[in-house]
Amino acid sequence: MPAPVTTIAALSAHEGQLVTLRGWLYNSAGKGKILFIQLRDGSGIVQCVCNKAELGDELFEALKHLGQESSLIVEGTVRADTRSKLGFELHVSTARIVTPATGYPITPKEHGPAFLHDHRHLWVRSRRQAAILRVRHLAVQAIRNYFDGHGFTLFDAPIFTPNACEGTSTLFETDYFGRPAYLSQSGQLYGEAGAFALGKVYVFGPTFRAEKSGTRRHLTEFWMVEPEIAWAELEEIMDLAEDFLVECTGHVVEHGRGALQELERDISILENVRKPFPRMSYDDACKILAEIGHPVDPEDDFGSPHETELTKRYDRPIMVHRYPTAVKAFYMKEDPANPVRALGVDVLAPEGYGEIIGGGEREDRIDVLLRKIDEHKLPMSSFEWYLDLRRYGSVPHGGFGLGLERFVTWMCGIPHIRETVPFPRTIDRLTP
RNA sequence: UCCAAAGUAGCUCAAUGGUAGAGCAUCCGGCUGUUAACCGGAAUGUUGUAGGUUCGAGUCCUACCUUUGGAGCCA
């Protein structure tokens, strides 16, 4: 009678018992008549001890010559052992080789990023990559939990869109039965329609940007969550962004401690993400930058080196609000107290991670909106449906967009965004 | 799009303008406590592509391709 199947993550509950594990050979080390196999099953890695005298010559020799990532099923006794990182190891009584593998390209030694990304379909098997993808999963879970638990309704926006949402970014054009269609660069305008229908909604889906940005903070395809709330003004949007980030960070830390430790993340920095986040106007941020020796032209948006210098001064995310209207999207509401400033807010993550959230209050007055569409030289006909939202019972409203991968990059404390998605799409990478 | 750097064995990298090298991976052998094991042996090359300079080019020059980092733009 075969021993019951379990997983490596659940091994501690089976100490002293005979169990079956199914997995892949992560690494092995022969020592004559004893063989150590590091078995990976997706839930963890455990050392399996094989003894020649107990397994017999034929099986022992077969296991000894098994290449990295060969799949196998092992049956053995779970034993506590202080020499194992896991605290347990499996003393193998028998094994079955499912599919032997030879020449697995990703070895335990170092590799360059181009090679690893060419083998992304295999690279995701490695400990570090698996840990990052677990953090991503927890981040998505936290985001859904937060909005679902705060009265928001999921409101899906289309991915094929007839025109630019903002008119600024470059879009991916596709052939839609003979006419052009564009991959969505934001679900926000549709989210606004949802907010006037359902009160509080969130759009959560993939977003596409054809900008030729080849930096460690950019993907051409990424996931964005965009809450949108009727009756909300800028202060309420900032309160929401703050509460949301505290909750999501807390969820990742609470449930992802093991993964974060695998990534050698300094968890104390994430535990520091508590209210209140420092809030400052763009003009005040410019003053601070000037004081610390990084002056900026206040009518121009500051760049990413300035952003980094600013965030270095704080131990938690900061919120910069009221940017110059001229550099912001047409739909952003002008500050009635100072029309050259817009009621927008960026949330900048600490440790140099920078902008993870952009949002604010939307222009709710149709006459101003008509003027802004004209000023931005956008095709009025494309926005007729959007203008209808102002024609039929417009109210103050707003929201923000969080870049999922940027949030995950920060949670993991890793240098590059491309490792936070299973198959990254960047300016020069479309495969695998 | 702009600026900078780099392309040599399956991988990571060496090689003063003068015979193409090492470690790892692979294959063979040895070892009863390894953790990126160790020891011995074997095999591994159109030096990104196309031109050019030179007696001679991996090395110098030009163009192109690819990759990496950064800027702008953004989440």
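Being a predicted model, the structure only gives us computed values, none of them experimental. Every chain is numbered from 1 and lettered A, B, ... according to where its sequence line falls, protein lines coming before strand lines.
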Ring centre gap for [X] and [Y] strictly below 6.0 Å:
X      : Y      : answer
A:F383 : A:F330 : yes
A:F400 : A:F244 : yes
A:W385 : A:Y190 : yes

Is a donor-acceptor pair below 3.5 Å formed from side chain A:H111 to base B:rC11, judging by atom type as modelled?
-> no
N/O donor-acceptor pair, side chain A:S213 with base B:rC73, under 3.5 angstrom | yes
When we call it a touch if two heavy atoms are under 4.0 Å apart, what does [X] touch: a base, just sugar-phosphate, or nothing?
X      : answer
A:I357 : sugar-phosphate
A:D428 : sugar-phosphate
A:Q47  : base
A:E89  : base
A:F36  : base
A:G112 : sugar-phosphate
A:S28  : nothing
A:H117 : nothing

Could you check how far [atom1] of [X] sits from [atom2] of [N], rounded to whole Å?
X      : N      : atom1 : atom2 : value
A:Q68  : B:rC24 : CD    : C1'   : 12 Å
A:I427 : B:rG69 : CD1   : C1'   : 14 Å
A:E211 : B:rC2  : CD    : C1'   : 16 Å
A:E226 : B:rC74 : CD    : C1'   : 13 Å
A:F115 : B:rU12 : CZ    : P     : 7 Å
A:F244 : B:rA75 : CZ    : P     : 15 Å
A:I34  : B:rA37 : CD1   : P     : 16 Å
A:E61  : B:rC27 : CD    : P     : 14 Å

OP1 or OP2 of [N] less than 4.0 angstrom from a side-chain nitrogen or oxygen of [X], does that happen here?
X      : N      : answer
A:R418 : B:rG69 : yes
A:H416 : B:rG69 : yes
A:R216 : B:rG70 : yes
A:K31  : B:rU34 : no

Walking RNA chain B from its 5' end, the first of A:A53 and A:E405 to be reached, judged by nearest nucleotide, is A:A53
Closer to the 5' end of RNA chain B via nearest nucleotide, is it A:T102 or A:K33?
-> A:T102
Between B:rG30 and B:rG45, how far apart are the C1' atoms? Round to whole Å, please.
-> 31 Å
C1'-based separation of B:rA25 from B:rU12 [nearest Å] | 11 Å
Would one find more than 12 heavy atoms of other residues, nucleotides or ligands at under 6.0 Å from atom CD of A:E264?
-> no
Quick check for you: among [options], whose closest atom lies nearest to any side-chain atom of [X]?
X      : options                : value
A:K212 : B:rC73, B:rU1, B:rU35  : B:rU1
A:F222 : B:rA75, B:rA71, B:rG33 : B:rA75
A:K64  : B:rU68, B:rG33, B:rG30 : B:rG30
A:P305 : B:rU32, B:rG72, B:rU67 : B:rG72
A:T215 : B:rC31, B:rA71, B:rA25 : B:rA71

Pair [X] + [Y], salt bridge at N-O below 4.0 Å:
X      : Y      : answer
A:K52  : A:E61  : yes
A:D284 : A:R322 : no
A:K372 : A:E363 : no

